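First the structure, in the form of structure tokens, and then the observations on it.
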Amino acid sequence: MTKRPIIIDCDPGQDDAIALLLAMSSPDELDILGITAVAGNVPLELTARNSCQIRDIGARDDIPVFAGCAQPMQRDLVTAEYVHGVTGIDGIDIVEPKLPLEEMHAVDFIIETLHAADDDSVTIVPIGPLTNIGTAIKRDPAILTKVREIVIMGGAMREGGNRTPSAEFNIIVDPHAADIVFRCGRPITVMGLDVTYQVLATPQRIDRIRDLDNEAARATAGMLEFYSRHDSVKFASVGAPLHDPCTIAYLLQPELFQGKQCNISIETSSELTMGHTAVDFWHTTDFPKNAMWMHAVDADGFYELLTERLSRFGDG
Ligand code: RIB
Ligand code: CA
């Protein structure tokens with residue numbers, strides 16, 4: 001099997017952390033060239049630090065971690081401690097990472113790595129605000145020929161927004177970066193709230209993960225329990241949506257998802273609808289169909305995959 005080279009750009013965040021663990025549990029399929037951190041759920045200093053700690057839980061010292069942009073391209077940073085806690089990964093003990101961050105800035109790493117890669121070879125997986133990716137593309141558009149696919153967690157259509165009535169968090173934090181990415185012309189696959197709200201971390205699913213009884217599974221269960229408290233109340237749902245791991249699950253088992261190629265455009269003018277993803281699902285315009293909008297998922301199959309992959313970790 002040919003390993004797929006990927007860069008995961010994230011803002012841990014419990015769901016980012018679980019996406020990282022799912023990816024790190026799959027070395028036969030995914031060649032993680034690097035983890036790049038961006039400001040989002042919590043400030044950059046914490047998202048970068050958290051990325052290093054999750055790498056330790058995944059026992060993958062071979063994967064470099066880079067700190068990226070601390071502020072969106074034009075707007076002031078907004079964060080989400082009310083969802084993720086003050087550390088960003090509440091639900092597990094915070095311990096000093098074993099290895100330090102790389103010296104290089106994440107945007108420089110992305111540019112250098114893509115320039116060194118073959119055409120159409122690297123998959124970029126942004127699961128936080130798109131600041132690092134938008135900045136890299138703006139600074140050096142020539143990197144785009146090296147990008148095979150961009151698999152994004154972000155946006156919303158039927159579900160409405162989770163940060164404003166119109167916008168999902170990752171997109172509204174940096175709508176200008178999102179606009180650059182969605183206009184870049186490379187294949188884009190989008191896991192928006194319409195699909196991530198279908199994969200709820202119910203108590204039964206969390207119990208199955210905890211019963212695996214290894215360090216990664218215990219950390220996942222602890223983070224999910226904390227993370228579920230907010231959204232379960234907010235949506236009166238049984239469990240919180242597990243947003244970011246949908247991107248990695250798609251790379252591992254694309255058949256779990258159903259989508260439609262559409263035009264997706266980003267609102268960057270109106271303050272009321274800033275960061276809105278206008279998904280032209282019914283092709284009402286002749287705008288280019290620039291993205292695959294995912295709208296259905298086999299939720300049981302998703303948790304079967306996540307649970308089985310977490311079972312592969314030893315007890316660190
Ligand atoms: O709206 C959900 C997204 O925002 C997820 O990526 C979560 O981690 C936060 O970044
Ligand atoms: Ca995230």
Side-chain angles (χ1 to χ4, degrees), residues 7-23 35-44 46-51 54 65 68-69 72 75 77-91 106 124-134 150-175 177-178 181 189-201 220 223-224 226-232 234-235 237 239-250 266 274-277 294 297:
I7 295 172
I8 304 175
D9 189 75
C10 58
D11 63 333
Q14 291 87 351
D15 58 327
D16 303 71
I18 297 165
L20 291 174
L21 289 171
L22 180 56
I35 296 169
T36 53
V38 68
N41 287 320
V42 288
L44 175 68
L46 288 176
T47 61
R49 194 219 70 83
N50 294 345
S51 298
I54 299 303
V65 178
C69 298
R75 291 171 67 86
L77 177 65
V78 291
T79 54
E81 288 86 350
Y82 64 98
V83 177
H84 299 277
V86 291
T87 71
I89 50 172
D90 283 33
I124 298 177
V125 186
I127 52 178
L130 289 159
T131 313
N132 287 342
I133 314 306
I150 305 174
V151 184
I152 294 170
M153 191 281 137
M157 181 188 140
R158 293 190 175 92
E159 287 294 345
N162 62 355
R163 182 66 188 217
T164 72
S166 309
E168 177 277 329
F169 179 81
N170 286 341
I171 305 298
I172 193 172
V173 169
D174 198 337
V181 174
T189 300
V190 187
M191 297 287 168
L193 299 182
D194 292 30
V195 78
T196 65
Y197 280 1
Q198 297 177 42
V199 288
L200 300 181
T220 297
M223 288 189 285
L224 282 176
F226 177 87
Y227 170 74
S228 292
R229 93 219 177 288
H230 175 269
D231 279 6
S232 298
K234 174 177 173 182
F235 299 110
S237 60
L242 200 40
H243 306 290
D244 293 336
C246 286
T247 58
I248 305 301
Y250 162 76
I266 310 298
M274 183 63 70
H276 176 69
T277 43
M294 291 299 186
V297 57

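Predicted model only: the values in this text are computed from it and were never measured. As the structure lists them, so they are numbered: ligands from 1, and atoms in each ligand from 1.
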Shortest non-hydrogen contact from G85 toward F226: N-CE2, 3.6 Å
Full working for side-chain hydrogen bond (donor to acceptor under 3.5 Å, both in side chains) between D9 and T36: CA-CA 5 Å; D9 189 75; T36 53; 2.5 Å; yes
Aromatic ring pairing Y227/H243, orientation class (parallel under 30°, perpendicular over 60°, tilted between):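 Judged by the thresholds at 30° and 60°, the geometry between Y227 and H243 is perpendicular.
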Nearest candidate to atom 10 (O) of ligand 1, where distance is taken over non-hydrogen atoms, out of D244, I172, N170: N170
Short N or O distance, D11 and ligand 1, threshold 3.5 Å exclusive: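 For ligand 1, there is an N or O atom that lies under 3.5 Å from one belonging to D11.
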Would you mind reporting whether [Y] and [X] have side-chain heavy atoms less than 4.5 Å apart?
X: C10; Y: D244; value: no
X: T220; Y: L21; value: yes
X: L77; Y: P72; value: yes

Which ligand 1 atoms does [X] reach within 4.0 Å, using its non-hydrogen atoms?
X: M153; value: 2 (C), 3 (C), 5 (C), 6 (O)
X: N162; value: 1 (O), 2 (C)
X: D16; value: 8 (O)

N/O/S atom of I127 inside 3.0 Å of the Ca ion (ligand 2), strictly under: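 Within the cut-off used here (under 3.0 Å), I127 does place an N, O or S atom near the Ca ion (ligand 2).
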Closest D244 atom to the Ca ion (ligand 2) [N, O or S only]: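 This residue's closest N, O or S atom turns out to be OD2.
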N/O/S atom name from D11 that is nearest to the position of the Ca ion (ligand 2):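 This residue's closest N, O or S atom turns out to be OD1.
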Side chain to side chain contact (heavy atoms under 4.5 Å, CB included), paired with I124, selected from I8, I133, L130, N132: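 Of all the options given, the one that passes is I133.
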Result of checking I54, V65, I7 against I35 for side chain to side chain contact (heavy atoms under 4.5 Å, CB included): V65
Shortest protein contact, [atom] (heavy atom only):
atom: atom 9 (C) of ligand 1; answer: N41 OD1, 3.1 Å
atom: atom 7 (C) of ligand 1; answer: D15 OD2, 3.3 Å
atom: atom 2 (C) of ligand 1; answer: E168 OE2, 3.3 Å

